[in-house]
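Have a look at the structure below, then the notes.
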Amino acid sequence: MQQRSFDAIVVGSGMTGGWAAKELTEHGLDTLVLEAGPPIDPDVDFVEHEPVWSFRYRGLGDRRQLAETQPVQRTCYACDEAASKFFVNDVENPYTHDDDKPFAWIRGRHVGGRSIMWARQSYRWSDLDFEANARDGFGVDWPIRYGDLAPWYDYVERFAGISGRPEGLSQLPDGQFLPAMPLNCVEESLREGIARGFGRDRVLTIGRTAVLTENHNGRAACHYCGPCHRGCVTRSYFSAVNATLPAAAETGRMTLRPNSVVAEILYDQTRDRARGVRVIDRETREEMVFTGRIVFMCASALESARILLNSKNTRFPTGLGNTSGELGRNLMDHTMGGGARATMRGFEDRDSFGRRPNGIYIPRFRNVTESHPDFLRGYGFQGGAGRPGWSRGTTMPGFGADFKHALRTPGPWQVTFYGFGECLPRNDNYVELDPAKVDAWGIPALKIHCSWSGNERAMLQDMSVTAAEMLEAGGAQDIETFVQDNPPGLTIHEMGTARMGRDPQTSVLNANNQMHDVQNIFVTDGAAMASSACQNPSLTYMALTARACDYAVERMRRGEL
Amino acid sequence: MDRREVLQWIGGAVGIHALAGVSPKRLMAIGRAVHEKQQALLVLNAHQNHTVTTLAEHIIPETDTPGASATRVNEFIDLLLAEWCDDVERERFLRGLADVDTRSLNTFGDVFVHTTPDRQIALMSGLDAEVTALRDVNGEADDHFFARMKWFTLYGYYTSEIGQTQELQSSIIPGRYDPCGPLHRDTPGEW
């Protein structure tokens with residue numbers, strides 16, 4: 001069996017794996033980065049500028065192929081004809097769930113992972129979030145506070161390039177922003193109307209996004225082509241492929257091995273340390289072992305949990321590092337899809353130009369200063385205003401020359417506010433290995449048990465009410481509310497399955513993302529989260545990863561790891 | 001111009017703002033795979049194809065820009081019927097197509113493609129009114145032949161090279177974002 005030794009092993013090459021690779025190599029460690037999927041060549045694989053007519057189904061997708069091989073992945077909006085190749089084959093990568101508890105597990109297995117298709121929204125958490133568990137008793141207290149992470153937010157924002165507008169809100173701290181993308185005229189008008197109606201309590205601002213509005217760190221400013229999820233040849237948005245992995249490669253100390261499916265972490269009982277990982281080659285099915293002084297798990301919340309659960313041994317019979325029994329538990333995802341849409345009159349002679357890869361954000365306002373009677377915690381809104389073009393012709397009466405020419409003028413301005421809410425950490429939302437199912441490489445599949453609680457459902461209802469209130473204050477007409485019923489997982493913010501905490505009896509990781517049980521294992525992806533807040537989580541994962549790398553390197557220097 | 005050249009050009013010393021002065025046509029050449037070849041029909045027979053082509057050209061006729069038939073929307077519809085629709089959708093569409101002839105024979109004494117353009121348009125106006133009435137009652141009319149025909153035609157036309165470049169004057173790389181500019185046909189967020 002092939003065997004090689006490294007200072008550090010990083011499992012996963014996406015949002016957090018890329019950061020671990022960059023930080024560890026820049027600190028001088030000889031680092032192996034293992035990616036389960038194939039390599040990505042931006043010159044070939046990034047197809048955001050291919051015109052729609054060059055696709056066989058003009059963007060409608062190969063419906064039959066999707067139904068056969070990607071029945072789960074196709075439920076994600078970004079799994080389109082150009083980008084479905086960035087989503088896993090559901091037949092090769094099965095998982096199971098209870099019949100009455102659907103869970104949509106949306107995955108990317110290739111170098112860069114889901115950082116290629118992510119929606120790029122980047123928000124800091126605040127102490128409202130880090131103190132939430134301690135305040136209401138759900139979950140365990142975070143072992144860190146905003147002050148611990150703030151310098152690391154600064155650090156990752158400066159490298160990644162986050163554009164946004166400072167608002168001075170305590171519940172959504174400002175960051176190291178590049179110039180903000182502008183609101184369009186209707187969004188600006190809504191901002192003013194909402195400010196008149198709600199003061200500083202409810203603020204409509206431009207989304208904070210990991211898309212460059214000016215050239216930054218050798219990457220070009222956005223050119224507003226639109227479909228970011230297909231890749232970006234100008235590297236204008238942050239992804240592992242666009243930013244962190246090239247930085248790691250630059251050091252000369254990264255060995256990136258694609259097609260490397262990690263089956264388990266190998267544990268050395270005499271030293272009470274992980275000694276390395278067992279890998280199955282995706283293509284040849286050859287097994288190999290790589291050893292390292294430290295292991296960073298960055299495979300995503302569910303994959304990292306799965307690998308750890310599969311790394312059982314006599315010392316850890318229910319999964320590596322699972323003394324607490326919390327490994328695989330407390331799975332969360334943001335609840336989404338309460339909100340409202342409306343029409344805005346005025347500005348008929350105006351339209352935006354260019355495809356701004358960003359929308360509006362309305363930061364959380366529930367349970368910030370007052371207590372809501374129906375639910376704990378809160379939610380924010382994303383969305384925006386725009387004018388429909390030719391596609392409205394498909395449901396418009398008429399045909400012929402006048403009809404064709406009428407479609408040259410865009411339709412009335414439409415606005416949507418779409419809510420994303422915090423999910424409580426609950427012990428009965430959990431994953432386990434399915435004894436009856438394996439993936440294409442013989443590794444046990446996950447069985448996922450996850451459902452929304454009454455708190456999330458109450459929040460969805462409230463979203464539709466407050467969205468309508470704000471649209472009304474903003475001067476919108478024909479307001480329609482909605483409350484969708486989306487399965488957990490579909491927001492693609494799954495997290496919590498190896499939570500951080502102060503007590504080894506109730507948590508898997510300590511304040512530095514280090515396993516309580518096995519000191520040379522760090523988990524820095526979404527698995528580490530002790531609560532979910534309501535903000536998009538990737539920026540926090542990045543900051544936690546950079547911080548954990550700094551800690552691990554320091555401990556190694558002192559000879560403690 | 002290949003992709004690598006484009007990458008150097010838009011990421012390089014020229015700077016992004018230089019893009020604003022470049023003709024959209026040149027930008028559209030990026031990564032283009034032009035389908036110039038006539039393709040063999042997969043589902044539609046000659047008569048059905050003639051009917052589909054005629055209906056489509058009435059829906060989006062040639063005006064100061066080309067119409068649906070110039071984009072060979074019939075071939076796109078044939079492809080969707082063959083590879084994209086399920087059996088139920090395909091059979092429903094073909095039955096609807098036959099029904100156009102039945103209506104034409106009953107009203108005008110000849111099949112659709114052999115009657116006059118005025119009569120063809122009159123017949124289609126009747127179908128369109130049915131779709132509108134259905135939508136008023138049900139909120140949708142997706143199963144109605146003419147709703148599907150119109151959807152196929154519009155989608156095929158506006159996503160064709162002619163639809164994108166001549167009718168919509170769309171730029172793949174706008175190069176800038178103007179939050180509140182004058183009206184234009186290149187609507188953000190749509191292909």
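Every heavy atom of this structure was used, including side-chain atoms; hydrogens, water molecules and symmetry mates were not. Everything quoted here is computed from the prediction, not taken from an experiment.
- Of the atoms belonging to A:L183, it is backbone heavy atoms, and not side-chain ones, that fall under 4.5 Å from chain B.
- Two residues are said to be in side-chain contact when any heavy atoms from C-beta on lie closer than 4.5 Å; B:C180 and A:E188 fail this criterion.
- Residues B:P61 and A:G400 come closest through the heavy atom pair CD-C, 3.5 Å.
- Around atom NE2 of B:H114, no more than 12 heavy atoms belonging to other residues, nucleotides or ligands sit under 6.0 Å away.
- Side-chain contact check for A:W53 versus B:T159: every heavy-atom pair is 4.5 Å or farther apart.
- Contact tally against chain A (heavy-atom pairs below 4.5 Å) for B:A141, B:A147, B:C85: the top residue is B:C85.
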Result block: side-chain N/O donor-acceptor pairs under 3.5 angstrom for residues 132-140 of chain B, not counting sequence neighbours:
residue : atom : partner : partner atom : Å
B:T132  : OG1  : B:D128  : O            : 3.0
B:E140  : OE1  : B:D142  : N            : 2.9

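- You'll find the ring centres of B:H184 and A:F353 inside the 6.0 Å limit.
- At a 4.5 Å heavy-atom cutoff, the contact between B:L154 and chain A is made by backbone and side-chain atoms alike.
- The shortest non-hydrogen separation linking A:P410 to B:L183 is CG-CD2, 4.0 Å.
- Of all non-hydrogen atoms in B:W84 and A:Y57, the two that sit nearest each other are CD1-CD2, 4.1 Å.
- For A:D402, the CG atom counts as loosely surrounded, since its 6.0 Å shell holds 12 or fewer non-hydrogen atoms of other residues, nucleotides or ligands.
- Atom CD of B:E167 and atom CG of A:L407 lie 8.5 Å apart (nearest 0.5 Å).
- Side-chain atoms of B:K150 do not come within 3.5 Å of backbone N or O of A:T395 as any donor-acceptor pair.
- Of the residues considered (B:G163, B:A68, B:A82, B:A129), B:A82 shows the highest number of contacts with chain A, using heavy-atom pairs under 4.5 Å.
- Top candidate by heavy-atom pairs under 4.5 Å with chain B, chosen from A:A401, A:G398, A:G393, is A:G398.
- Closest non-hydrogen pair, B:E83 versus A:R56, comes out as OE2-NH2, 2.7 Å.
- In this structure, B:R176 is not positioned above the aromatic face of A:Y224 in the sense of NZ or CZ being under 6.0 Å from the six-membered ring centre and within 45° of the axis.
- For A:T409, the part sitting under 4.5 Å from any heavy atom of chain B is the side chain, from C-beta outward, and nothing else.
- In terms of modelled atom types and a separation under 3.5 Å, the side chain of B:Y155 and the main chain of A:S391 share no donor-acceptor contact.
- The residue among A:A67, A:P397, A:G218 with the most heavy atom pairs within less than 4.5 Å of chain B is A:P397.
- Below 30°, between 30° and 60°, or above 60°: for B:Y158 and A:W390 the angle between ring planes is below 30°, a parallel geometry.
- Note: B:F146 CZ to A:F399 CZ = 5.0 Å, rounded to the nearest 0.5 Å.
- The CG atom of A:L60 sits 5.0 Å away from the CZ atom of B:F76 when rounded to the nearest 0.5 Å.
- For A:M181, no part lies under 4.5 angstrom from a heavy atom of chain B.
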- Run the numbers on B:T65 and A:K404 for side-chain contact (heavy atoms from CB on, under 4.5 Å), then give the verdict. CA-CA 10 Å; B:T65 57; A:K404 176 186 173 188; 2.8 Å; yes
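- The nearest pair of heavy atoms linking A:C225 to B:P174 is CA-CD, 3.8 Å.
- A distance of 8.0 Å separates CZ in A:R355 from CD1 in B:I172, rounded to the nearest 0.5 Å.
- Proximity to chain A is absent for every atom of B:T153, based on heavy atoms less than 4.5 angstrom apart.
- Residues of residues 88-98 of chain B having a heavy atom under 4.5 Å from any heavy atom of chain A, listed by number: B:E89, B:R90.
- Looking at A:E348, only its backbone comes within 4.5 Å of chain B, counting heavy atoms on both sides.
- Using a cut-off of 4.0 Å between Lys/Arg side-chain N and Asp/Glu carboxylate O, A:R408 and B:D64 are scored as salt-bridged.
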